[in-house]
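To start, the structure itself, in structure tokens.
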Amino acid sequence: MARVRPILNGVPETLLWTLYNRAYEAGQPYPVLDDPRALRLLKDLDYPFEERFGRPNAFHSQAQGLRSRCFDLAVQGYLADRPQATVVALGDGLETGFWRVDNGRLNWLSVELPEVAELRRALLPASDRLRTLSRSATDLSWLDEIEDPEGRGVVVTTQGLLMYLPPKEVRRILAACAERLPGGIFVLDTMARWLARGTVAGTSKVGGMTIPAMRWAMNPGERHKLRSAHPGITEVRALRLPRGRGAMGELIRVQSLLPGLRTLTPAMTQLRFGGRTSHCPGVRNVAGTVPQ
């Protein structure tokens with residue numbers, strides 16, 4: 001297959017950096033994430049990864065692998081009870097979560113911007129249980145694409161996405177999911193406020209790439225505020241990074257637990273949705289007090 005040259009700018013380009021790190025980790029002798037498709041993607045893309053992002057950083061690469069593994073474990077935990085659930089991956093980028101967690105029974109809906117959806121279709125193998133929808137996550141019509149007539153369950157994941165959205169859009173997405181996906185879960189990651197401020201100021205860089213402005217940030221201690229986005233959110237639970245590899249893995253684990261250091265890596269959170277609430281206002285009008 002001819003190599004594909006991606007033309008991505010702004011937030012979409014960040015998916016190439018995360019792929020670069022994930023593939024580097026996957027290529028280690030004892031990787032924290034089994035992701036051979038990431039290595040294949042790196043070969044299939046005509047892109048100057050090292051020139052653009054610099055040499056892979058051992059801390060960031062393993063932390064990236066552990067973040068993806070944390071999302072996988074949350075999805076697999078839900079699938080253990082609901083093996084035929086639908087997984088909706090908002091801002092899926094070139095993640096390969098479908099193949100990492102596939103139990104042969106789940107259904108997967110990848111929601112991405114058109115230019116990224118085109119890349120996924122060109123580079124990743126097709127499956128009758130995998131659909132890629134060319135749509136922004138803020139266009140809530142993707143909810144209409146979820147088919148769950150028998151109540152098999154829904155998992156929504158938003159890896160590396162919400163921090164780039166305005167707070168009001170984050171609230172709308174959380175509220176819409178809580179309203180329309182009773183019994184489902186929502187898995188997200190967030191960046192600390194001090195890290196987000198650097199991106200807004202335009203001073204945060206990865207190699208030659210300026211990290212796009214992160215317009216929504218939340219410190220780990222603010223997780224409980226997510227519950228106020230909608231009455232249907234019945235649980236807010238912190239997810240811990242899995243154990244890593246060697247001294248670097250231990251360093252990542254320790255820093256993720258210590259109050260003074262845990263903001264160096266994204267914080268993972270799982271929301272659970274209860275039954276339908278007839279007294280709730282319409283999704284369009286639900287605002288809540290999610291951290292600004």
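Everything quoted here is computed from the prediction, not taken from an experiment.
- Side-chain atoms of V4 and D46, non-hydrogen and from C-beta on, never get closer than 4.5 Å to each other.
- For the atom pair CD1 of I173 and CG of L162, the computed distance is 6.0 Å after rounding to the nearest 0.5 Å.
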Requested in this report: I would like to know whether L8 and L119 meet side-chain contact (heavy atoms from CB on, under 4.5 Å); could you show each step before the answer?
Outcome: CA-CA 10 Å; L8 302 173; L119 272 180; 3.8 Å; yes
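- For the pair P212/T14, a side-chain contact is recorded, criterion being any heavy-atom separation below 4.5 Å from C-beta on.
- In this structure, CZ on R223 lies 8.5 Å from CG on L188, to the nearest 0.5 angstrom.
- No side-chain heavy atom of T269 sits less than 4.5 Å from a side-chain heavy atom of D189.
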Query raised in the report: Between F186 and Q270, is a side-chain contact (heavy atoms from CB on, under 4.5 Å) present by the stated rule, with each step listed?
Result: CA-CA 6 Å; F186 191 108; Q270 178 178 299; over 6 Å; no
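- Under the 4.5 Å side-chain heavy-atom criterion for grouping Ile, Leu, Val, Met, Phe, Trp and Tyr, L226 is connected to I233 within one hydrophobic cluster.
- Side-chain atoms of V187 and F71, non-hydrogen and from C-beta on, do get closer than 4.5 Å to each other.
- Contact of the N21 side chain with the F49 side chain is not registered, since no non-hydrogen atoms from C-beta on lie closer than 4.5 Å.
- For R129 (side chain) and D102 (main-chain N/O), no donor-acceptor pair under 3.5 Å exists by modelled atom type.
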Taking distance alone, no hydrogens or angles, what donor-acceptor pairs closer than 3.5 Å link side-chain atoms of residues 103-111 to residues at least two apart or in another chain?
from, atom 1, to, atom 2, distance (Å)
N103, OD1, R105, N, 2.8
N103, OD1, L106, N, 2.9
N103, ND2, P83, O, 3.0
W108, NE1, D92, OD2, 3.2
S110, OG, D92, OD2, 3.1
S110, OG, R120, NE, 3.1

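- With D139 contributing its side chain and S141 its backbone, the two residues share a donor-acceptor pair below 3.5 Å.
- Residues V200 and L195 are members of separate hydrophobic clusters, defined by side-chain heavy-atom contacts under 4.5 angstrom among Ile, Leu, Val, Met, Phe, Trp and Tyr.
- If you check the side chains of S134 and R121, you find a donor sitting under 3.5 Å from an acceptor.
- Criterion: ILVMFWY side-chain heavy atoms under 4.5 Å apart, direct or through other members. Under it, L16 and L39 are not part of a common hydrophobic cluster.
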Report task. Under the side-chain contact (heavy atoms from CB on, under 4.5 Å) rule, what do V155 and V88 come out as? Steps first, then yes or no, please. Result -> CA-CA 6 Å; V155 180; V88 183; over 6 Å; no
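- Contact check for S136 versus W142: no side-chain heavy atoms found under the 4.5 Å cut-off.
- A salt bridge does not link E112 to R135: none of the charged side-chain nitrogens sits closer than 4.0 Å to a carboxylate oxygen.
- Residues satisfying the ring pair (Phe, Tyr, Trp, His ring centres under 6.0 Å) test with Y78, not counting sequence neighbours, are none.
- Here the SG atom belonging to C70 is positioned 4.5 Å from the CG atom belonging to L239, to the nearest 0.5 angstrom.
- Residue pairs meeting the salt bridge (Lys or Arg N to Asp or Glu O under 4.0 Å) criterion with at least one member in residues 233-247, sequence neighbours excluded: E25-R245, E235-R272, R243-E250.
- Heavy atoms from other residues, nucleotides or ligands lying under 6.0 Å from CD of E118 number 12 at most.
- Ion pairing of D144 with R180 is present here, as a side-chain N (NZ or NE/NH1/NH2) and a carboxylate O approach within less than 4.0 Å.
- In the hydrophobic clustering of this structure, L73 does not group with V156; members are Ile, Leu, Val, Met, Phe, Trp, Tyr whose side-chain heavy atoms approach within less than 4.5 Å, directly or through other members.
- The two residues A38 and T96 make their nearest non-hydrogen contact at N-CG2, 4.5 Å.
- Within the 3.5 Å criterion, the main-chain N or O of R227 finds no donor-acceptor partner in the side chain of H230.
- With hydrogens and angles ignored, the 3.5 Å screen pairs a side-chain donor or acceptor of T203 with a backbone N or O of G198.
- Listed for the S61 side chain is no donor-acceptor partner under 3.5 Å among the backbone atoms of A58.
- When the shell of 6.0 Å around CG of D34 is examined, it contains 12 or fewer heavy atoms from other residues, nucleotides or ligands.
- Between A137 and L161, the shortest heavy-atom distance links the atoms CB-CD2, 3.9 Å.
- Here the CG-CZ distance, from D72 to F98, works out to 13.0 Å after rounding to the nearest 0.5 Å.
- Each of R40, R22, R69 was compared with D35 under the salt bridge (Lys or Arg N to Asp or Glu O under 4.0 Å) criterion, and only R22 meets it.
- Using cut-offs of 30° and 60° for the angle between ring planes, the H60 and W17 rings count as perpendicular.
- When all heavy atoms of R193 and M218 are compared, the pair lying nearest together is CG-N, 4.4 Å.
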Requested in this report: List the steps and the verdict of side-chain contact (heavy atoms from CB on, under 4.5 Å) for L124 and W99.
Outcome: CA-CA 10 Å; L124 293 168; W99 294 273; 3.7 Å; yes
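- Two residues are said to be in side-chain contact when any heavy atoms from C-beta on lie closer than 4.5 Å; L271 and T234 fail this criterion.
- Rounded to the nearest 0.5 angstrom, L19 CG and L94 CG are separated by 6.0 Å.
- Counting all heavy atoms, side chain and backbone alike, G249 lies closest to Q62 at CA-OE1, 3.2 Å.
- At most 12 non-hydrogen atoms from other residues, nucleotides or ligands lie less than 6.0 angstrom from CD of E147.
- Not one N or O on the side chain of T157 forms a donor-acceptor pair closer than 3.5 Å with the backbone of Q159.
- With a 4.5 Å cut-off on side-chain heavy atoms, R67 and T18 count as touching.
- Checked by atom type, the side-chain pair E95/S68 shows a donor-acceptor distance below 3.5 Å.
- Interatomic distance, CE of M163 versus CE of M191, reported as 6.0 Å (0.5 Å rounding).
- Looking at Y47 and E13, their side chains do bring a donor and an acceptor atom within 3.5 Å of each other.
- Across A23 and L42, no two heavy atoms sit closer than the pair CB-CD2, 3.8 Å.
- In plain terms, the two heavy atoms of E179 and P182 that are nearest each other are O-CD, 4.3 Å.
- Checking side-chain atoms of R215 against main-chain N and O of P167 turns up no donor-acceptor pair under 3.5 Å.
- Following chains of ILVMFWY side-chain contacts shorter than 4.5 Å, one cannot reach Y20 starting from Y24, and the two form parts of different hydrophobic clusters.
- In summary, D44 and R3 do not engage in a salt bridge, as defined by a charged side-chain N under 4.0 Å from a carboxylate O.
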